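Written below as structure tokens is the structure these notes are about.
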Number of protein chains: 2
Amino acid sequence: MMIHIATIKEVAKYANVSVATVSRVINKKGYVQKETQTKVEEAIKALNYRPNNVARSLFKKQSKMIGYIVPDITNPFFPQLVRAVEDVTVAQGYTTFLCNSDDNLEKELMYLNKMAENYIDGVIIVSNHMNENHLANLQIPVVALDRVFHESIPSVTIDNYREAKRAVMHLVENGCEKIAHISGPENIINSQLRKKAYQDVMMALDRPMYISEGHYQMKTAQEATFRLLHEHKDIDAIFTGNDVMAVGALKACTKLGIKVPNELQIIGFDGIEWTETVSPEITTIAQPIYEMGKKAATMLLNRINGNEEGQDHIVFPTELKMRETTKH
Amino acid sequence: MMIHIATIKEVAKYANVSVATVSRVINKKGYVQKETQTKVEEAIKALNYRPNNVARSLFKKQSKMIGYIVPDITNPFFPQLVRAVEDVTVAQGYTTFLCNSDDNLEKELMYLNKMAENYIDGVIIVSNHMNENHLANLQIPVVALDRVFHESIPSVTIDNYREAKRAVMHLVENGCEKIAHISGPENIINSQLRKKAYQDVMMALDRPMYISEGHYQMKTAQEATFRLLHEHKDIDAIFTGNDVMAVGALKACTKLGIKVPNELQIIGFDGIEWTETVSPEITTIAQPIYEMGKKAATMLLNRINGNEEGQDHIVFPTELKMRETTKH
DNA sequence: CTGAAATATGTAACCCGTTACATACATTTC
DNA sequence: GAAATGTATGTAACGGGTTACATATTTCAG
């Protein structure tokens, strides 16, 4: 039994009016007499009519869809961001298009192209590689999230450098002497900034530096911690470039029988849920992840609707969540 | 500087051919002379032409987009599933539409409608509420993932009842006497099946039952564990309805100073990454999450292409990951 | 009472591709 | 050498909406 999907023409015929009138009723736009409106509404109901968004998009050159490019949805930092964006946009009648770029410029551009081909109304991007040129011939409003990639593109971020300094200072204030850092990938701006913050604080205080690369991953960070602690037994604190790596560092300590926070303190960065699943719970610099997603979505929607916002680069404050891996 | 997006007509004019010829070149379909093809390709390059997918969809009634409805992307079980689906579909030129339903039938139907309006080619759904009728007038291939919701809808799942029994039996075999269960929400089929498995095993072995509801959440499961252990101090094992709750149970034990696995053993269900982030690492029944997503995507693509698959209800095997919260 | 403004509805062009069909020439077949 | 087949390209209808413009009727101010 093939079900037929009604078109506006059929509705018009059924209601004995023209397609223009049906369109006016659907969009509540232009003059329509009360009775006519009722007739049309009845026809719509009778034929179970739903306007076809593809046809609509073709004419209007907009789709009521927004795109969302993240490096990798399995990274626990992103689902909340995605969720926030969706919550905001759905409320305004938009649907969301999700794409995983693997931090790969080619994929990002491929997706951007696909989006353009589909008259996507706007895009939220988390990227390190994108620049103005890539977006210039796109003609679509864009908001950068989590990472600024060009000053001309509005963004929602935190001050990674400043907040990372705060994390390190928290360890210093807690009396730590030998503070190590497990850094994230070289090619990710935020991880560079966080590392630089660590280095600058150590430099300023004339302290030794112990840095090992943890690739933003738990397992790798665990190994990095083993290495670090093996070479420098007197390390008494670790600042990791993100929370995932803090979990790895904590695991390493647990395996080595090092008491956290008594013998060694740990502070992470991001504020993902993982920090609360482990014992002891991890002290971290928490980004207002959901709020940031919401803000980015709101900014994007404003731009789509032509209400340019004054503020182009929103920098959110973070919260130092003092938990169980640091003394306070 | 307003950038103009070239249409097929402009390409045709530039190359001095008709739109039909351009279309033939783009789609590599029908006869085109070598020289003409080159001319057209040059025109495409010169005008930076990209075919408009909206117009194409309108005519072909298909969009090269597939939809994906999950209860909540922030539940750590889903990102991997989503990722797997995307990996498969993108390789075939499809893009993914992500929707969070909050396990709410109305939202699910709303999204399904949106998808139909956009000529989405197929949908993968994780749902408890959907039934045949909801999908009947949709005319879109559907594959159910993680949960079967109707026998007429192809599905990719595991045997929740059998595997949950296996989990409980693992505790029994490890010598546990008083086994408790922290259950998931009543309205989720899988959580009911897992609970029933626990009850049936206990019944068969004539053991006492201790059940507390944990809502699939860490915090709630932690409280449920406190309650359970407060009332029954001799409980020596807990089977939780999912891994998130296993983490909650473990936290409760840690806080109460109960040694895991020596005084109390814990086994979870699902195989999410959380089980490896905590110490001790949690023993669990691991679903091949990524593989399941991949399979579901492949099945869907086959259906979209008209290659009905013989097998309609794929049931994947699981793996009992023996880790540190049970003795073996 | 007349002309302007507001209300109500229809016709047809348009958005941008795809493809059925028509046309024309080249090649093959018997 | 005529008919059949293959190659190459163009014309125009079509998909399902939106909207500019035309037309007709009603309302209202002066």
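Below, chain A is the first sequence line, B the second, and so on; all start at residue 1. Please read all numbers here as calculations on a predicted model, not as lab measurements.
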Specify the residues of residues 36-49 of chain B, ordered by number, for which at least one heavy atom lies under 4.0 angstrom from an atom of DNA chain D. B:T36

For nucleotides 25-29 of chain C, give me every protein contact, N/O to N/O, under 3.5 Å, one pair per line with atom names.
none

Atom [atom1] of [X] and atom [atom2] of [Y]: how far apart are they, to the nearest 0.5 Å?
X      : Y      : atom1 : atom2 : value
B:D87  : B:Y290 : CG    : OH    : 3.5 Å
B:N113 : B:M115 : CG    : CE    : 10.5 Å
A:E86  : A:I66  : CD    : CD1   : 9.5 Å
A:K114 : A:I120 : NZ    : CD1   : 12.0 Å

Distance, rounded to the nearest Å, where [X] contributes [atom1] and [N] contributes [atom2]:
X      : N      : atom1 : atom2 : answer
A:K34  : C:dT9  : NZ    : P     : 13 Å
A:N52  : C:dC15 : CG    : C1'   : 13 Å
B:F59  : D:dG17 : CZ    : P     : 16 Å
A:N118 : C:dC16 : CG    : P     : 14 Å
A:K64  : D:dT18 : NZ    : C1'   : 15 Å
B:E117 : D:dG17 : CD    : C1'   : 12 Å
B:Y119 : D:dC14 : OH    : C1'   : 12 Å

Of A:V70, A:D146, A:L135, A:I153, which meets side chain to side chain contact (heavy atoms under 4.5 Å, CB included) against A:I125?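 Among A:V70, A:D146, A:L135, A:I153, the one meeting side chain to side chain contact (heavy atoms under 4.5 Å, CB included) with A:I125 is A:L135.
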
Quick check on side chain to side chain contact (heavy atoms under 4.5 Å, CB included): which of A:V40, A:T38, A:V25, A:V22 does A:V32 satisfy it with? A:V25

Is the closest side-chain donor-acceptor distance between [X] and [Y] under 3.5 Å?
X      : Y      : value
B:D103 : B:N128 : yes
A:Y119 : B:N52  : yes
A:Q37  : A:Q33  : no
A:S152 : A:H150 : yes

When you check the phosphate oxygens OP1 and OP2 of [N], does a side-chain N or O of [X] lie under 4.0 Å from one of them?
X     : N      : result
B:Q33 : D:dT9  : yes
B:Y31 : D:dT7  : yes
B:K61 : C:dT18 : no

Within 45 degrees of the axis of the six-membered ring of A:Y94 and under 6.0 Å from its centre: does A:K64 put its NZ or CZ there? yes

Please work out which residues in residues 8-30 of chain A have a non-hydrogen atom less than 4.0 Å from an atom of DNA chain C and list them by number. A:N16, A:V17, A:S18, A:V19, A:A20, A:T21, A:R24

